[in-house]
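In what follows, chains are A, B, ... by sequence order, proteins preceding strands, each numbered from 1.
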Amino acid sequence: MQDRVIRAIAEALDKLGVDVDREDIQLERPNDPANGDLSCNIALAAAGMVKRNPRDFAADIVSNIEFSADFIDRVEVAGPGFINFALSHSYLTGQVARINREKTEYGNLDIGKGRKILVEFVSANPTGPLVLVSARAATVGGALVNLYRKAGFEVESEYYLNDAGSQIEKLGISLMTRFRQRIGEEAELPPDCYPGDYLVELAEEIPAGEGKSWLELDEQDARARFSEFALDRVVRMIREDLDYFDIHFDHYFAESQLHRPGGEVEEALEIMKSSDVVYEEDGALWFRSTRFGDEKDRVLLRSDGSPTYFLADAAYHLNKFRRGYHRVIDIFGPDHHGHIRRLEAASSVFGAEQGWLQVLTVQWVRLIEDGRQVSMSKREGEFITLRDLVSDVGRDAAKFFFLMRKNQAHMDFNLSLARKQSDENPVYYVQYAHARISSIISFAGSEGVDFPSDTECVSMLREPEEMELIRKLVIFPQLIEGAVHNNDVNRLTTYAQDIAASFHHFYHVCRVVSSDRELSAARLLLSEATRLVLAESLRLIGVDAPERM
RNA sequence: GCGCCCGUAGCUCAGUUGGAUAGAGCGCCGGCCUCCGGAGCCGGGUGCCAGGGGUUCGAAUCCUCUCGGGCGCGCCA
């Protein structure tokens with residue numbers, strides 16, 4: 001739709017002998033409907049170049065522009081020199097028929113052209129249950145995956161499992177301590193270990209005989225046994241949490257595999273050495289990341305020769321790069337934003353182009369109840385978890401609320417509001433619209449009004465509320481495009497609320513099922529088109545679209 | 001001190017990658033069910049868009065400085 005308009009403007013400019021890049025011709029949607037459906041500012045933007053008054057220039061463009069009447073029925077100059085286009089009635093109503101035809105494929109785009117991308121998210125350390133930030137990241141990541149798929153990318157989702165390194169050792173020590181306590185030994189949890197109750201529970205699950213036999217091994221082997229046991233259970237717990245939240249990953253990528261002999265850790269090191277971006281100092285090996293805009297250089301190998309967390313992370317990105325993704329998106333928590341530069345630096349050493357790695361950050365979530373902040377830690381070492389939140393407010397409300405904010409903004413999560421199963425809660429507002437439409441459609445069927453095989457009847461739609469609704473349904477593909485382009489999944493929630501509101505307005509003014517059979521058929525098609533767009537928006541967000549509630 | 005993020009209505013936040021008169025939800029007040037779902041609709045807003053400067057036809061949006069809040073700044077992960 002936009003392409004057609006841009007082409008027509010470009011042709012008009014050609015006729016006037018004005019040379020403008022097609023890229024520079026941009027369309028937008030005016031907020032005031034009096035200004036039409038699409039607006040172009042090219043006359044304003046190019047007035048300086050052609051040394052003309054923008055309004056006169058715009059008028060010249062308008063008089064040279066050509067459209068078929070079934071697409072655009074009005075083109076006019078307005079304000080300081082905007083060129084405004086009003087879509088024709090037959091084009092708009094025709095879109096209602098189109099949505100009914102394309103169904104869930106409406107809004108599918110081909111900007112991905114089947115290229116592969118990877119979205120890595122959550123990736124919380126497997127040392128305990130998932131907490132709130134992870135829930136937010138899971139929601140954003142899940143929606144992003146859906147969105148990119150809709151835009152024509154081949155998308156894979158991945159969870160990076162830090163199953164190596166010191167925190168796993170501490171996890172083992174923590175569990176070992178809990179086990180000792182369980183069998184009546186004197187044992188105290190060392191500092192820096194994990195004090196959460198879940199480890200006490202895990203210690204109960206270890207068969208007593210087996211646990212005791214582990215304790216008889218030498219210190220290091222004993223720890224390893226407990227670590228292994230803890231890791232297995234905690235990972236299982238995390239997967240269950242994600243399952244419960246209905247977020248699924250194509251891959252779980254274990255850090256430990258990077259450390260295998262000849263693995264990516266070694267390779268990444270070799271590449272860096274041969275790229276002349278490393279140096280030795282104080283017995284350690286450093287990456288000269290400042291050369292790529294990082295604040296300081298980073299250690300790759302400690303003076304005892306062991307690899308840092310960063311080296312493994314870099315190696316992980318080398319692995320991703322070799323897997324041939326067109327683009328890789330990482331979603332980081334607020335405490336990791338300092339890692340962005342160094343990973344971009346490492347990626348470019350491995351040969352990735354600028355922009356290959358896109359890192360999004362999600363910010364902390366504060367819970368608010370009755371206007372006051374809820375303390376995030378229940379007791380020492382126990383934080384409010386994803387599971388706590390979901391069992392409190394429900395999956396749909398949690399996801400919807402997370403996506404009402406842009407991901408890089410801090411958010412106050414209004415628990416009292418999210419819990420309410422009433423009109424005040426925006427999730428139910430949107431879901432209610434979907435349920436209501438479903439109900440109307442089945443009512444229509446019971447009254448003998450069915451979907452017509454011939455969709456000509458849509459031309460009968462002409463009430464202002466009908467047209468307002470149609471205009472909003474028509475922008476769905478552009479909404480998807482903008483959301484993908486900016487990695488802005490939160491636009492979908494705003495849009496869904498907007499569609500729901502427009503439907504309710506329509507519903508209160510226009511009776512769908514009436515004695516006028518043709519009009520009823522037309523409104524049934526409009527209702528179904530709305531339902532399809534709502535359901536699809538909710539699907540992308542990861543929220544159910546119920547037929548009854 | 002340095003870096004990143006944030007600052008928009010009483011509260012929580014949108015704001016279409018620089019556009020025309022800045023929007024929604026919550027809260028508060030008042031209306032609307034003999035009729036397809038009242039979890040709905042209609043009406044009620046004096047916002048120095050944190051503040052100063054700049055860029056241009058045009059700024060909540062871009063640049064710069066200041067103020068306020070969050071998070072980072074380890075041979076931890």
Asker: Applying side-chain contact (heavy atoms from CB on, under 4.5 Å), name anything that partners A:Gln358, two or more places apart in sequence or on another chain.
Answerer: A:Tyr148, A:Arg327, A:Ile329, A:Asn487
Asker: In the structure I gave you, are the side-chain heavy atoms of A:Asn490 and A:Arg405 within less than 4.5 Å of one another anywhere?
Answerer: no
Asker: Between B:rG69 and B:rA50, how far is it from one C1' atom to the other, in whole Å?
Answerer: 11 Å
Asker: Does atom CD of A:Glu228 have more than 12 heavy-atom neighbours, drawn from other residues, nucleotides or ligands, at distances under 6.0 Å?
Answerer: no
Asker: To the nearest 0.5 angstrom, please state how far the CG atom of A:Asp330 sits from the NE2 atom of A:His339.
Answerer: 12.0 Å
Asker: Keeping to residues at least two apart or across chains, list the ring pair (Phe, Tyr, Trp, His ring centres under 6.0 Å) pairs with something in residues 478-498 of chain A.
Answerer: A:Phe476-A:Tyr495
Asker: For A:Tyr309 and A:Gln167, which I'm curious about, is there any donor-acceptor pair between the side chains at under 3.5 Å?
Answerer: no
Asker: Say we look at B:rU16 and B:rC35: how far apart would their P atoms be, to the nearest angstrom?
Answerer: 43 Å
Asker: Taking only the P atom of each, what is the distance from B:rU17 to B:rG72 in whole angstrom?
Answerer: 33 Å
Asker: Please list each protein N or O that sits under 3.5 Å from an N or O in nucleotides 74-76 of chain B, with the distance.
Answerer:
residue : atom : partner  : partner atom : Å
B:rG74  : OP2  : A:Lys296 : NZ           : 3.4
B:rC75  : O3'  : A:Arg302 : NE           : 3.1
B:rC75  : O2   : A:Ser303 : N            : 2.8
B:rC75  : O2   : A:Ser303 : OG           : 3.0
B:rC75  : N3   : A:Ser303 : OG           : 3.1
B:rC75  : N4   : A:Asp282 : O            : 2.6
B:rC76  : OP2  : A:Arg302 : NE           : 2.6
B:rC76  : O3'  : A:Arg302 : NH2          : 3.3
B:rC76  : O2'  : A:Ser166 : OG           : 3.2

Asker: CZ/A:Arg298 to OG1/A:Thr290 distance, rounded to the nearest 0.5 angstrom?
Answerer: 9.5 Å
Asker: So A:Ala444, base contact, sugar-phosphate only, or nothing? Heavy-atom distance under 4.0 Å.
Answerer: nothing
Asker: Hey, can you pull the residues of residues 498-507 of chain A with a non-hydrogen atom under 4.0 angstrom from RNA chain B?
Answerer: A:His504, A:His505, A:Tyr507
Asker: Roughly how many Å is it from CD1 in A:Ile437 to C1' in B:rA39, rounded to a whole number?
Answerer: 14 Å
Asker: Specify the separation, in whole Å, of atom CG of A:Leu479 and atom C1' of B:rA14.
Answerer: 13 Å
Asker: I'd like a table of donor-acceptor pairs (distance under 3.5 Å, sequence neighbours excluded) in which one partner is a side-chain atom from residues 35-46 of chain A, with atom names and distances.
Answerer:
residue : atom : partner  : partner atom : Å
A:Asp37 : OD1  : A:Arg471 : NE           : 2.4
A:Asp37 : OD2  : A:Leu87  : N            : 2.7
A:Ser39 : OG   : A:Asn84  : OD1          : 2.8

Asker: Considering only side-chain heavy atoms of A:Val513, which listed nucleotide, B:rG72, B:rC36, B:rA77, is closest?
Answerer: B:rC36
Asker: Give me syn or anti for B:rC42, where syn covers glycosidic angles within 90 degrees of 0.
Answerer: anti
Asker: Taking atom P in both B:rU21 and B:rC26, compute the distance separating them and give it to the nearest angstrom.
Answerer: 28 Å
Asker: Can you name the salt bridge (Lys or Arg N to Asp or Glu O under 4.0 Å) partners of A:Arg395, sequence neighbours left out?
Answerer: A:Asp544
Asker: Are A:Tyr160 and A:Lys320 packed together at the side-chain level, in the sense that at least one heavy-atom pair is separated by less than 4.5 angstrom?
Answerer: no
Asker: To the nearest angstrom, how far is A:Leu171 atom CG from B:rA77 atom C1'?
Answerer: 13 Å
Asker: Tell me: CG of A:Asp335 to P of B:rC73, nearest whole Å?
Answerer: 9 Å
Asker: Give a yes or no on whether the backbone of A:Ser416 and the side-chain of A:Asn414 come within a donor-acceptor separation of less than 3.5 Å.
Answerer: yes
Asker: Atom CH2 in A:Trp364, atom CG in A:Asp412: separation rounded to 0.5 Å?
Answerer: 14.5 Å
Asker: Using a 3.5 Å limit for the pairing distances, which stems of at least 3 consecutive Watson-Crick or G-U wobble pairs does RNA chain B take part in?
Answerer: B:1-7 with B:67-73, B:10-13 with B:23-26, B:28-32 with B:40-44, B:50-54 with B:62-66
Asker: Round to a whole Å and report the spacing from CZ of A:Arg341 to C1' of B:rG72.
Answerer: 14 Å
Asker: Side chains of A:Arg223 and A:Ser227 only: does a donor on one sit below 3.5 Å from an acceptor on the other?
Answerer: no
Asker: Which letter, B, S or -, goes with each nucleotide of nucleotides 5-12 of chain B from 5' to 3', with contact meaning a protein heavy atom under 4.0 Å?
Answerer: BS-----S
Asker: With a 3.5 Å cut-off and sequence neighbours excluded, list the donor-acceptor pairs that the side chains of residues 496-510 of chain A form with protein atoms.
Answerer:
residue  : atom : partner  : partner atom : Å
A:Gln497 : NE2  : A:Thr493 : O            : 3.4
A:Asp498 : OD1  : A:Lys472 : NZ           : 3.3
A:Ser502 : OG   : A:Glu468 : OE1          : 3.1
A:Ser502 : OG   : A:Lys472 : NZ           : 2.9
A:Ser502 : OG   : A:Asp498 : O            : 3.3
A:His504 : ND1  : A:Arg436 : NH1          : 2.9

Asker: Check this one for me: any side-chain N or O of A:Ser439 less than 4.0 Å away from OP1 or OP2 of B:rG37?
Answerer: yes
Asker: Determine the Euclidean distance between corresponding P atoms of B:rC5 and B:rC62; express it in Å to zero decimal places.
Answerer: 11 Å
Asker: Taking atom P in both B:rG7 and B:rC48, what distance in whole Å separates the two?
Answerer: 16 Å
Asker: Please state the C1' separation for the pair B:rG10 and B:rU56 - nearest whole angstrom.
Answerer: 36 Å
Asker: When we call it a touch if two heavy atoms are under 4.0 Å apart, what does A:Pro334 touch: a base, just sugar-phosphate, or nothing?
Answerer: sugar-phosphate
Asker: If each of A:Ser438 and A:His508 is mapped to the nucleotide of RNA chain B with the nearest heavy atom, which maps nearer the 5' terminus, i.e. the 5' end?
Answerer: A:Ser438
Asker: Please figure out whether A:Cys510 or A:Pro307 has its closest RNA chain B nucleotide nearer the 5' end.
Answerer: A:Cys510
Asker: Can you list, pair by pair, the side-chain donor-acceptor contacts under 3.5 Å of residues 439-451 of chain A, counting residues two or more places apart and other chains?
Answerer:
residue  : atom : partner  : partner atom : Å
A:Ser442 : OG   : A:Ser439 : O            : 3.2
A:Ser446 : OG   : A:Phe443 : O            : 2.6

Asker: Would you give a per-nucleotide map of nucleotides 16-24 of chain B, 5' to 3', where B means the base has a protein non-hydrogen atom under 4.0 Å away, S means only the sugar-phosphate does, and - means neither?
Answerer: BB-BBB---
Asker: In whole Å, I'd like the distance from the OH atom of A:Tyr429 to the P atom of B:rG25.
Answerer: 7 Å
Asker: Is it the case that the side chains of A:Ser306 and A:Asp304 hold a donor-acceptor pair, with the cut-off being a distance below 3.5 Å and no angle test?
Answerer: yes
Asker: To the nearest Å, give me how far apart NE2 (A:His337) and C1' (B:rC71) are.
Answerer: 5 Å
Asker: Taking side-chain contact (heavy atoms from CB on, under 4.5 Å) as the test, write out the residues that go with A:Pro464, two or more places apart.
Answerer: none
Asker: Find the distance between CG (A:Leu130) and CG (A:Asn125) and round it off to the nearest 0.5 Å.
Answerer: 11.0 Å
Asker: What is the separation between atom CD1 on A:Ile173 and atom P on B:rA77, rounded to the nearest whole Å?
Answerer: 14 Å
Asker: For the P atoms, the ones on B:rA24 and on B:rC63, what distance do you get once it is rounded to whole angstrom?
Answerer: 29 Å
